[in-house]
2 protein chains.
Amino acid sequence: MADTVTNERDWLASYDPRAYEPIAVTVDIVALTIRQGADGDAEKALHVLLVRRGEMPFAGRLALPGGFVRPVVEADGTRRDEDLGEAAERELAEETGLATGTRLDRVHLEQLGTYGAPGRDPRMRIVSVAHLAFAPDLPDPTAGGDAAHALWVPVADIDFRSLAFDHARILADGLERARAKLEYSPLATAFAGEEFTITELREVYQAVWGEPMHAGNFHRKVLSVPGFVEDTGATTARGGARGGRRARLYRAGPARLLHPALLRPSPEEDSR
Amino acid sequence: MADTVTNERDWLASYDPRAYEPIAVTVDIVALTIRQGADGDAEKALHVLLVRRGEMPFAGRLALPGGFVRPVVEADGTRRDEDLGEAAERELAEETGLATGTRLDRVHLEQLGTYGAPGRDPRMRIVSVAHLAFAPDLPDPTAGGDAAHALWVPVADIDFRSLAFDHARILADGLERARAKLEYSPLATAFAGEEFTITELREVYQAVWGEPMHAGNFHRKVLSVPGFVEDTGATTARGGARGGRRARLYRAGPARLLHPALLRPSPEEDSR
DNA sequence: GCAATAGTGTCTTTAAGACACTATCCC
DNA sequence: GGGATAGTGTCTTAAAGACACTATTGC
């Protein structure tokens, strides 16, 4: 395939307004992590990264982080187009303020879907390519430019109707995708640290599915799926806070697909 | 949400070239159907709709049908933006030349993914929202404007490397999606007619998965999944061409998800 | 009758889930 | 020792697949 790099000038040269409509393209991110609830809840809960909008439209409302796809300026001053995933990565780094940290490289990013209903942004025609990000317990966004107004919100606390644009729909689609992927992919390990216990893995499933799982059966099931997890040989330094046996530590295995799958306790009446 | 309809004038008024890059957006269609192979093959085979390109770049090469997302002109002369799915539907109708026919309303259409790698189109920056269409046996494209150069190609015969743009990737993703969806969704019924026999349904699975299935076990399995198919009470007018019992006729049931799922004979080592 | 196609019976193996139990640790 | 957490044994039921069989039709 041709390796042509398109820049703004090239684009303008080839622009014929009768042939097509130039459209603003954005990437929006549904970034999910598992963390302790802000309240004194003992349970770990699923959180999503949201930003408080400062501008119209929807000023003051919560929205998914995101931004325009635009040419990036390299160190030497040249401009080049960025791929969609690249734009999503950039936005996520900006919003979390973790660009300089190393922890962002453990984030799993995948495309969720593209939303282009007319009128979805009252300002103009915008098509948004939504992405889904899965991350181990990330800290609160602090440093960095855009990060000041970003925050982790427990999914259970969100009033979907209050979200800006069509972000309720996008978030709902993202959550459903995440719930479905836990079944047949080793995605849950992306929410855990480099090394984790079976119990921690179970807490991921419980947080995303919102249902308690049977500890014993879960344990055996995970170990029975080839390539899901690998024994590190090590154990946790100590047992639970109030006593208890030390847990074996595992790392993510090579499997990209779980066979057999870990099915949800109550299969939903869903249409996808 | 605001019901603002954006037109070209509005867009130009809000255009700030420093804030974002205006991008041409296209929809590409991976349209799949099951039909008898052109050769004397007895087996029904999976076909995809491709067009022979007449223009540069990739003139003479096969490509997925598609076109630009652009404002549509209503009967009264007003212009409005179209949704992505709407654009896909329009393109599919144009390319198949079946716009006036009634059979297009039985086509299942869903979004596949969005492809925006820089340089994927050598002319300019183009982001393409690929869609996947599943249709019962459709006739060869004949009437209609763009349809002259469109044709159904057996998937097995395609040299992926010869496809235009990044359409090999898109087609491969579409095929994998279709194969996966057969497992847990009643999608196969979208490939069959209004009424169908269990054997016809099995032929769909065999064509998409490319593997023979055990007729007896398949039969029992399909009937055991609640809501997958509904008995019409009728049977085929006659048995097979060379004798044989008449088959019961079924129609698609209400289930949107198959529980339990129909798993593929050989689960692939896939990374999704 | 015979070949062909539709549909069923039955058995084995695997997996899911309920439940009880053992193992190890902190205090 | 006692409570807490990790991990295992065992039984029941559901489901997948192999295989053989019965049922009905065209010729």
Side-chain angles (χ1 to χ4, degrees), chain A residues 42-44 182-184 192 195-206 209 211-229 231-250 255 257-267, chain B residues 42-44 182-184 192 195-203 205-206 209 211-226 228-229 231-250 255 257-267:
Chain A
E43 301 261 304
K44 291 184 184 170
L182 279 200
E183 289 193 317
Y184 59 89
E195 300 193 337
F196 50 86
T197 65
I198 301 295
T199 297
E200 284 167 352
L201 198 61
R202 179 165 49 81
E203 286 169 341
V204 171
Y205 277 88
Q206 291 177 156
W209 286 346
E211 300 186 69
M213 316 265 306
H214 187 288
N217 288 340
F218 180 87
H219 196 109
R220 176 184 17 241
K221 170 72 186 176
V222 166
L223 295 185
S224 79
V225 177
F228 190 6
V229 297
D231 198 335
T232 64
T235 67
T236 51
R238 34 165 304 143
R242 286 156 297 182
R245 185 171 171 175
R246 288 178 187 142
R248 266 194 167 84
L249 284 169
Y250 296 85
L257 233 43
L258 305 185
H259 281 291
L262 267 129
L263 298 180
R264 268 177 278 194
S266 27
Chain B
E43 301 263 302
K44 291 184 183 169
L182 279 200
E183 289 192 319
Y184 59 90
E195 300 193 338
F196 49 86
T197 65
I198 301 294
T199 297
E200 283 168 352
L201 198 61
R202 179 166 47 82
E203 287 169 341
Y205 276 89
Q206 290 177 157
W209 286 346
E211 300 187 69
M213 316 267 303
H214 187 288
N217 289 340
F218 180 87
H219 195 108
R220 177 185 17 242
K221 170 71 187 176
V222 166
L223 295 185
S224 80
V225 176
F228 190 7
V229 297
D231 198 336
T232 65
T235 68
T236 52
R238 34 164 304 143
R242 283 156 299 180
R245 185 171 171 175
R246 288 179 186 139
R248 266 193 168 86
L249 285 169
Y250 296 84
L257 234 43
L258 305 185
H259 280 290
L262 267 131
L263 297 180
R264 268 178 278 195
S266 25

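Side-chain contact between B/V229 and B/V222 is present, with at least one heavy-atom pair separated by less than 4.5 Å. In this structure, the side chains of A/L201 and A/Y250 stay at 4.5 Å or more apart for every pair of heavy atoms.
Distance alone, capped at 3.5 Å, places no donor-acceptor pair between the A/R202 side chain and the A/H219 backbone. For A/K44 (side chain) and A/Q206 (main-chain N/O), no donor-acceptor pair under 3.5 Å exists by modelled atom type. Listed for the A/E183 side chain is a donor-acceptor partner under 3.5 Å among the backbone atoms of A/R264.
Among the protein residues, B/T199 comes within range of the sugar-phosphate backbone only, with heavy atoms under 4.0 Å from sugar or phosphate atoms but none that close to a base. The residue B/S224 sits apart from the nucleic acid: no heavy atom pair falls under 4.0 Å.
Counting to the nearest Å, the P atom of D/dT5 and the CD atom of A/E200 are 14 Å from each other. A/Y205 places its OH atom 12 Å from the P atom of C/dA16, with the value rounded to the nearest Å. Computed from coordinates, the A/L258 CG to C/dT14 P distance equals 20 Å when rounded to whole Å. One atom, NE2 of A/H259, and another, P of C/dA16, lie 12 Å apart when rounded to the nearest Å. Between A/L223 atom CG and D/dG9 atom P the separation is 12 Å, expressed in whole Å. Rounding to whole angstrom units, CG of residue A/L249 and P of D/dA6 are separated by 11 Å. Per the geometry, CZ belonging to A/F196 stands 14 Å off P belonging to D/dA6, to the nearest Å. B/E203 places its CD atom 10 Å from the P atom of C/dT5, with the value rounded to the nearest Å.
Test B/T232, B/D231, B/T236 against B/R248 for side chain to side chain donor-acceptor pair (under 3.5 Å) and you get one pass: B/D231.
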Spell out protein contact along nucleotides 17-27 of chain D as letters: B when the base is contacted, S when just the sugar-phosphate is, - when no protein heavy atom is under 4.0 Å; keep the 5' to 3' order. BBB---BBBSS
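Distances were taken from every side-chain heavy atom of A/R248 (C-beta onward) to each of D/dA15, D/dG7, C/dT8; the shortest belongs to D/dG7. When the nucleotides C/dA6, D/dA15, D/dG7 are ranked by their closest atom to the side chain of A/H219, D/dG7 comes out on top.
Phosphate contact (OP1/OP2 of D/dA16, side-chain N/O of B/K221, threshold under 4.0 Å): present.
Between B/Y205 and B/F218, the ring centre distance stays below 6.0 Å.
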